[in-house]
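The sequence lines fix the lettering, A, B, ..., with proteins before strands; numbering per chain opens at 1.
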Number of protein chains: 2
Amino acid sequence: MLAKTSNFEADLQDVATFAKALGHPARAAIVQHLAQNESCICGEIVDVIPLAQATVSRHLKTLKEAGLVKGEIDGPRSCYCLDAAGFARFAATMRDFLDGVEAHPIGDQCCP
Amino acid sequence: MLAKTSNFEADLQDVATFAKALGHPARAAIVQHLAQNESCICGEIVDVIPLAQATVSRHLKTLKEAGLVKGEIDGPRSCYCLDAAGFARFAATMRDFLDGVEAHPIGDQCCP
DNA sequence: ATCCGTTATCGTATTTATACGATAATATCG
DNA sequence: CGATATTATCGTATAAATACGATAACGGAT
């Protein structure tokens, strides 16, 4: 392909990166689950997500790379929790984007 | 693969679907551009996005399928604009998700 | 009716994402 | 130390996404 994603403005890049991280229901579910159980759940995530353990582990890795989740891997019982700072940045980025779009009047009847 | 995305709750599914639609900087840029120029721009989008015309057209299709953008194709000068209702739904879905996560205390020191 | 400019689609190639079984790694417990 | 439980990684297969050139389709202008 070519990953020509570098020709865009940084803020749009951030929006896209964060959005992509949530762009799979399993990852959205993981984030929500980690939030609802504020203490970080470990392998319990695997039980909640209807996917194989290896697949869940990979989704967790994706979330970690996106900075939304932190994980302490201690052999038998790994430990994941939301990355407070990372999630805050994400939320701010997304809200700014949404607000920015809605700051303009969205003409519904375009090109009459 | 198997697209086992159907085993998740509907709201998470929506979050993921919308997030995925924004999960590419070109699409985020298109949405932002359509918002900033409230009148719908037609082929101008291609000039703004640093990608080939065919690729931009496909991204537009993706956005249209996600319900974020509306397009009137009239031969020589197609016309795209934000889908006001669709974008509102998206914004609400995303904000609900963010709010829901932040409604819980995000324990930063997980599993001590 | 023909040409022209614009846009969508097709065909294709490459990369990335998704998924799972199998295996390795690692800390805890007996 | 050995057994066990948990998790990450590997190998692999398949699907989806991304990208572009080429071509078709289409309305408007000549």
Side-chain angles (χ1 to χ4, degrees), chain A residues 1-8 12-13 16-30 33-34 40-66 69-81 110-112, chain B residues 1-8 12-13 16-30 33-34 40-66 69-81 110-112:
Chain A
M1 195 175 24
L2 284 132
K4 318 191 130 191
T5 57
S6 48
N7 300 330
F8 296 91
L12 292 175
Q13 198 102 16
T17 300
F18 278 133
K20 199 176 198 175
L22 275 193
H24 192 288
R27 291 195 290 271
I30 289 171
H33 185 79
L34 286 177
C40 63
I41 316 304
C42 313
E44 195 206 274
I45 303 173
V46 176
D47 300 332
V48 177
I49 306 294
L51 292 172
Q53 179 264 327
T55 307
V56 173
S57 186
R58 184 165 277 225
H59 281 304
L60 282 166
K61 189 178 182 181
T62 301
L63 286 171
K64 214 157 67 170
E65 286 167 354
V69 152
K70 291 199 300 189
E72 315 274 322
I73 305 107
D74 324 302
R77 68 204 61 242
S78 280
C79 167
Y80 281 99
C81 62
C110 67
C111 292
Chain B
M1 197 174 19
L2 284 131
K4 314 191 131 193
T5 57
S6 49
N7 300 330
F8 295 92
L12 292 176
Q13 198 100 18
T17 300
F18 278 133
K20 199 175 198 175
L22 275 193
H24 192 287
R27 291 194 291 270
I30 289 172
H33 185 78
L34 286 177
C40 63
I41 319 303
C42 312
E44 195 205 274
I45 303 173
V46 176
D47 300 331
V48 177
I49 306 295
L51 293 172
Q53 179 265 327
T55 307
V56 173
S57 186
R58 187 167 275 228
H59 281 305
L60 281 167
K61 190 178 182 182
T62 301
L63 286 171
K64 214 157 67 170
E65 286 167 354
V69 153
K70 290 200 299 188
E72 315 275 324
I73 305 108
D74 323 301
R77 67 203 63 240
S78 280
C79 167
Y80 282 98
C81 62
C110 68
C111 292

Measure the distance from [atom1] on [X] to [atom2] on [N] and round it to the nearest whole Å.
X       : N      : atom1 : atom2 : value
B:Glu65 : D:dA16 : CD    : C1'   : 13 Å
A:Lys20 : D:dA17 : NZ    : C1'   : 8 Å
B:Ile45 : C:dA8  : CD1   : P     : 9 Å
B:Leu51 : C:dT15 : CG    : C1'   : 15 Å
A:Phe8  : D:dA19 : CZ    : C1'   : 12 Å
A:Ile49 : C:dA19 : CD1   : C1'   : 14 Å
B:Ile30 : D:dA19 : CD1   : P     : 11 Å
B:His59 : D:dA16 : NE2   : P     : 18 Å

Which value, rounded to the nearest 0.5 Å, describes the distance between [X] atom [atom1] and [Y] atom [atom2]?
X       : Y       : atom1 : atom2 : value
A:Ile49 : A:Ser57 : CD1   : OG    : 12.5 Å
B:Tyr80 : B:Leu60 : OH    : CG    : 5.0 Å
A:Leu34 : A:Glu44 : CG    : CD    : 9.5 Å

> Are any side-chain N or O atoms of B:Arg27 and backbone N or O atoms of A:Ala16, one a donor and one an acceptor, separated by less than 3.5 Å?
Replying inline: no

>> Donor-acceptor check, side chain of A:Thr17 to backbone of A:Gln13, threshold 3.5 angstrom: yes or no?
In response: yes

Under-3.5 Å N/O pairs linking protein and nucleotides 8-11 of chain D:
residue, atom, partner, partner atom, Å
D:dA8, OP1, A:Tyr80, OH, 2.4
D:dA8, OP2, A:Ser57, OG, 2.9
D:dA8, N7, A:Gln53, NE2, 2.8
D:dA8, N6, A:Gln53, OE1, 3.1

> Nearest to the side chain of B:Ala52 - D:dG21, C:dC20, D:dA17?
Replying inline: D:dG21

>> Ring-plane angle category for B:His24 and B:His59, please: parallel below 30°, perpendicular beyond 60°, tilted otherwise.
In response: tilted

